Trainee: 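Once you've had a glance at the structure underneath, I'll fire off some questions.
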Amino acid sequence: MIISGKELSAKLKAEMAHQVAAFPQKYGRVPHLVVILVGDDPASVSYVTGKAKASEVVGIRNTTIRKPADIPEAELLDLIRQLNEDDTVDGILVQLPLPEHIREAKVIETISEAKDVDGFHPLNVAALWQKQPCVLPCTPKGIIKMLKAAGVEIKGKRAVVIGRSNIVGLPVAKLLLDENATVTIAHSKTVDLPSVTRQAEILVVAIGKPGFVTADMVSEGAAVIDVGVNRNPATGKLCGDVDFAAVEPKASVITPVPGGVGPMTICCLMENTIECFLNRQENRLV
């Protein structure tokens, strides 16, 4: 079964739109997401445009602030601090990656924990690992929702995550652990990686290498989640980290690229924005 992130996200966004429609009467306004785009990288522009469209569907107020690629780091940090203090703003997202002269870690830690809709702030990350209430990172959160919607049993299963980033690899491993899976975290250069991945009943790949996972690396009936977004060097078309045509016949469920995890990431961003709004309205976070 091919898991369509587009279909699932459309269903969830419709449910959120119904929820948000009641907010003006109850709270006097709707959630407000501010997205900061530095530079004009085509992929980043596309992602930001997708977030604005999703906000419109859900009924969330969306403001995109565009800044030139040569903006000084101090100026960007000052802008974030101003948004932190703005009571009309519920969520702040700075589109990554950033130009080399800007420290991504500094930007992430400057965003208020209460408005960190990406779930990247160090305090949110710490809370995730300590099983405390927090904003969950969008992509890992979307992956768990996709598995559950597809009827994949996570509890007691062997899961392998290829990729160790703080954005996808590590947090999705933690969420799988929280669902009582047995999790192995691997690297693209792990010795004899196919022998590791063939043990996986759930395989998540997030390394940014087109077609890296081949059929011989996947066990029969595995659930395969492809987080990679790459350009096929031969055709120029979008592709994932998994050789989809070769792996799809062996997998019980698999996500395509595009149309798989990507739409769910944006969907979970909408959900996180609503969560941050409600937390602030109901004073559940300082």
Side-chain angles (χ1 to χ4, degrees), residues 9-10 12-99 102 104 106-121 124 135-139 141-142 167 262-283 285:
S9 65
L12 295 175
K13 284 187 287 188
E15 294 173 357
M16 284 186 273
H18 180 74
Q19 178 188 15
V20 171
F23 287 173
Q25 182 175 357
K26 186 173 182 179
Y27 301 110
R29 66 181 183 88
V30 297
H32 182 194
L33 171 65
V34 175
V35 178
I36 301 173
L37 174 62
V38 179
D40 54 4
D41 175 76
S44 293
V45 171
S46 176
Y47 293 148
V48 169
T49 300
K51 291 163 185 173
K53 290 180 179 178
S55 297
E56 184 177 354
V57 170
V58 173
I60 290 173
R61 178 184 171 193
N62 180 284
T63 299
T64 299
I65 300 175
R66 301 192 65 161
K67 293 294 181 180
D70 61 354
I71 182 175
E73 179 183 273
E75 183 179 335
L76 177 59
L77 297 180
D78 284 342
L79 171 60
I80 294 170
R81 294 187 185 102
Q82 292 170 23
L83 295 171
N84 286 342
E85 298 300 320
D86 189 338
D87 285 338
T88 70
V89 175
D90 303 292
I92 303 169
L93 183 152
V94 179
Q95 182 64 47
L96 303 178
L98 291 167
I102 298 176
E104 289 187 357
K106 185 65 177 176
V107 168
I108 289 169
E109 71 181 27
T110 301
I111 297 172
S112 166
E113 175 197 1
K115 298 185 179 185
D116 171 34
V117 288
D118 262 335
F120 294 163
H121 190 281
N124 273 321
V135 177
L136 297 177
C138 300
T139 298
K141 184 179 184 179
I167 294 175
M264 282 302 298
T265 296
I266 294 178
C267 177
C268 289
L269 172 64
M270 300 297 104
E271 188 175 272
N272 284 356
T273 303
I274 294 171
E275 179 183 334
C276 288
F277 169 81
L278 291 174
N279 284 339
R280 297 183 68 245
Q281 293 294 321
E282 300 171 11
N283 296 315
L285 285 178

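Small disclaimer: the values here were computed from a predicted structure and weren't measured.
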Trainee: Taking only residues at least two apart or on different chains, which pairs with a member in residues 24-39 satisfy salt bridge (charged side-chain N to carboxylate O under 4.0 Å, His left out)?
Mentor: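 Output for this query lists Arg29-Asp90.
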Trainee: Not counting sequence neighbours, list each pair that qualifies as a side-chain hydrogen bond (donor to acceptor under 3.5 Å, both in side chains) and has a residue in residues 66-76.
Mentor: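 Output for this query lists Glu73-Arg103.
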Trainee: Do any pairs count as a salt bridge (charged side-chain N to carboxylate O under 4.0 Å, His left out) and have a residue in residues 34-48, sequence neighbours left out, and if so which ones?
Mentor: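 Applying salt bridge (charged side-chain N to carboxylate O under 4.0 Å, His left out) to every pair that reaches into residues 34-48, excluding sequence neighbours, yields nothing.
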Trainee: With sequence neighbours left out, what residues match Lys141 under side-chain hydrogen bond (donor to acceptor under 3.5 Å, both in side chains)?
Mentor: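 With sequence neighbours excluded, Lys141 shows a side-chain hydrogen bond (donor to acceptor under 3.5 Å, both in side chains) to Glu271, Asn272, given in chain and number order.
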Trainee: What pairs with Asp86 under salt bridge (Lys or Arg N to Asp or Glu O under 4.0 Å), at least two apart in sequence or on another chain?
Mentor: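 Counting only residues at least two positions away or on another chain, Asp86 forms no salt bridge (Lys or Arg N to Asp or Glu O under 4.0 Å).
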Trainee: Using the test salt bridge (Lys or Arg N to Asp or Glu O under 4.0 Å), find all partners of Glu56 that sit at least two apart in sequence or belong to another chain.
Mentor: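 For Glu56, no residue satisfies salt bridge (Lys or Arg N to Asp or Glu O under 4.0 Å) once neighbours in sequence are set aside.
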Trainee: Which residues pass the side-chain contact (heavy atoms from CB on, under 4.5 Å) test with Pro97, not counting sequence neighbours?
Mentor: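 Checked Pro97 against side-chain contact (heavy atoms from CB on, under 4.5 Å); matches are Ser44, Glu104.
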Trainee: I'd like to check the side-chain contact (heavy atoms from CB on, under 4.5 Å) partners of Pro137; sequence neighbours left out, ordered by chain and number.
Mentor: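 Applying side-chain contact (heavy atoms from CB on, under 4.5 Å) to Pro137 gives Phe120, Leu128, Pro140, Pro171.
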Trainee: The criterion is ring pair (Phe, Tyr, Trp, His ring centres under 6.0 Å); which residues satisfy it with Phe277, sequence neighbours excluded?
Mentor: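 Result, ring pair (Phe, Tyr, Trp, His ring centres under 6.0 Å) vs Phe277: Phe23, Tyr27.
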Trainee: Among all residues two or more places apart in sequence or in another chain, which pass the side-chain contact (heavy atoms from CB on, under 4.5 Å) test with Thr63?
Mentor: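 His32, Val34, Arg61, Ile65.
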Trainee: Mind checking what makes side-chain contact (heavy atoms from CB on, under 4.5 Å) contact with Cys276, not counting sequence neighbours?
Mentor: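 Cys276 satisfies side-chain contact (heavy atoms from CB on, under 4.5 Å) with Val117, Val135 only.
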Trainee: Could you tell me which residues satisfy salt bridge (Lys or Arg N to Asp or Glu O under 4.0 Å) with Lys53, sequence neighbours excluded, listed by chain and number?
Mentor: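 Once residues adjacent in sequence are excluded, Lys53 has no partner under the salt bridge (Lys or Arg N to Asp or Glu O under 4.0 Å) criterion.
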